[in-house]
Amino acid sequence: MAASPPYPRFNPVFAGMGTTIFTVMSALAVEHGAVNLGQGFPDEDGPRSIRDAAAKALVEGPNQYPPTRGRIELRRAIAAHAKRFYDLSFNPDTEVLITSGGTEALTASIMGLVGPGDEIVLIEPAYDSYGPMAAASGAIVKTVKLSPPDWRLTEQALAAAFTPKTRVLMLNTPLNPIGRVFDREELEAIAKVLRGSQAVAICDEVYEHLVFDGRPHVPLMTLPGMAERVVRVGSAGKMFSLTGWKIGWVTGAAPLVDVIAKAHQFITFTTSPALQLGIAHALEHEMDFTLGLTEELQAKRDLLKQGLTKLGFTALACEGTYFMTADIRGLTNEPDRVFCERLVREAGVALIPLSVFFEDGKPDHLVRFAFCKKQSVIEDALARLERFFIKRQDAS
Ligand code: PMP
Ligand code: GLN
């Protein structure tokens, strides 16, 4: 190998970056034979009929490039879903774009809507892909930090992050990693700040159906004046427990979807036709699965909370998503990441430290548990934690 490699500089956004925490913790879980309550994926696949519909399309075709905006069957099904659940009307030809997962929908939206020198506001804790993709687009990231245990967003805090250069607000509700669902008062505050600005919102609503305790999911787009200022991002992976399929979408006003489609055409151009047809089938025939999943996950959340409380964790409220967070200060003085790395090795349970979702790595006394797992898996994790925390104490 040459003494000095012929590549003096890579893109600094990615060159200095580590591997995502989800990959790191899943790899540690495999290495140590741990129960994985880290990365958020269900361990039971969604309905057979969806997989059959995709398999049929895979065998019988079409297997060549679909249109760049996606198969019309799926765009129509997404528009019908938005009408049914939120009374939102989208023209499938101009206001719906199919992407390779929610991740690509977010990337294409960010790349389409912000450029060098523009400001983008993130609400922290923020899903881990937002910051790097915003920086890679040349945008300047401003953050609004929420505080535990209530994690409430105020108009004052949001307004303070906005300037005349703000072009985009990223809003994730229900919010991964903390399971918050912004209430109407918070949404109205957001709408007010947006109306007084030149910004639009990218609303990451991939957990739209995972809202618990009978609360509604209210898309920001349904508030007055927001139809022209919001794009919504959805993901079939979460709705139908098929996270590996990577079928996502963007819905919104035509001028916004147009520019996002321009970015999409050079990121992936399009996405697998068989999987698109499988998800079109799912939206038409398997929504009962999704609605049932909400109930099932709520029961698992309760089981996990009860178990964690007995062990000395302080579980925080969880209003939606796959995730619950808990305060670890009753059990350790270690920072969350050190605690998680020890737990996966010594207790055989993988979790996610919450500090990774904050630019400054604070707070670092909270951990995230994914409860989108079989009940027996959650019980196994609790039993391992019990052996680790309680039996060990008894022995000493
Ligand atoms: N946004 C949030 C908040 C998520 O948690 C995830 C996924 N895990 C995504 C977007 C990405 O969705 P997808 O898996 O469809 O790319
Ligand atoms: N969204 C998933 C989580 O929060 C992870 C997705 C990924 O690994 N990129 O656990």
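Counting starts at 1 for both ligands and their atoms, in listed order. Since the model is a prediction, treat every value here as computed from it, not as a measurement. Values below: every heavy atom of this structure, side chains too, minus hydrogens, waters and symmetry copies.
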**side-chain hydrogen bond (donor to acceptor under 3.5 Å, both in side chains) evaluation trace for H281 with S49** = CA-CA 8 Å; H281 168 91; S49 89; 2.8 Å; yes
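Heavy-atom distances between F323 and ligand 2 reach below 4.0 Å in at least one pair.
The list of salt bridge (Lys or Arg N to Asp or Glu O under 4.0 Å) pairs with a residue in residues 105-122, not counting sequence neighbours, reads E119-K142. Residue pairs meeting the salt bridge (Lys or Arg N to Asp or Glu O under 4.0 Å) criterion with at least one partner in residues 308-326, sequence neighbours excluded, are R180-E319, R215-E319.
Within ligand 2, the atoms closer than 4.0 Å to a non-hydrogen atom of N176 are 1 (N), 3 (C), 4 (O), numbered from 1 in the order shown. Short contacts between ligand 2 and G40, defined as distances under 4.0 Å to a heavy atom of the residue, involve ligand atoms 3 (C), 10 (O).
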Contact table ligand 1 N or O to protein N or O, d under 3.5 Å:
from     : atom 1 : to   : atom 2 : distance (Å)
ligand 1 : 1 (N)  : D204 : OD1    : 3.4
ligand 1 : 1 (N)  : D204 : OD2    : 2.6
ligand 1 : 5 (O)  : N176 : ND2    : 2.7
ligand 1 : 5 (O)  : Y207 : OH     : 2.7
ligand 1 : 8 (N)  : Y127 : OH     : 3.4
ligand 1 : 8 (N)  : K238 : NZ     : 2.5
ligand 1 : 14 (O) : K246 : NZ     : 3.3
ligand 1 : 15 (O) : G102 : N      : 2.7
ligand 1 : 15 (O) : S235 : OG     : 2.7
ligand 1 : 16 (O) : G102 : N      : 3.1
ligand 1 : 16 (O) : T103 : N      : 2.9
ligand 1 : 16 (O) : T103 : OG1    : 2.6
ligand 1 : 16 (O) : K246 : NZ     : 2.6

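Annotation: atom 6 (C) of ligand 2 to nearest protein heavy atom, Y127 OH, 3.4 Å.
For atom 3 (C) of ligand 2, the nearest non-hydrogen atom from the set Q39, M25, K246, R368 belongs to R368.
A salt bridge does not link K56 with D52: every distance from a Lys NZ or Arg NE/NH1/NH2 to an Asp or Glu carboxylate oxygen is 4.0 Å or more.
At distances below 3.5 Å, at least one donor-acceptor pair connects side-chain atoms of E186 with backbone N or O atoms of L153.
A cation-pi arrangement, defined by a distance under 6.0 Å to the six-membered ring centre and an angle within 45 degrees of its axis, is present between K373 and F41. A cation-pi contact, defined as under 6.0 Å to the ring centre and within 45° of the axis, is absent between R301 and F371.
Not less than 6.0 angstrom separates the ring centroid of F269 from the ring centroid of F266.
Of the N or O atoms in T20, none lie within a sub-3.5 Å distance of an N or O in ligand 2.
Remark: F85 pairs with H81, H209 by the ring pair (Phe, Tyr, Trp, His ring centres under 6.0 Å) rule, at least two apart or across chains.
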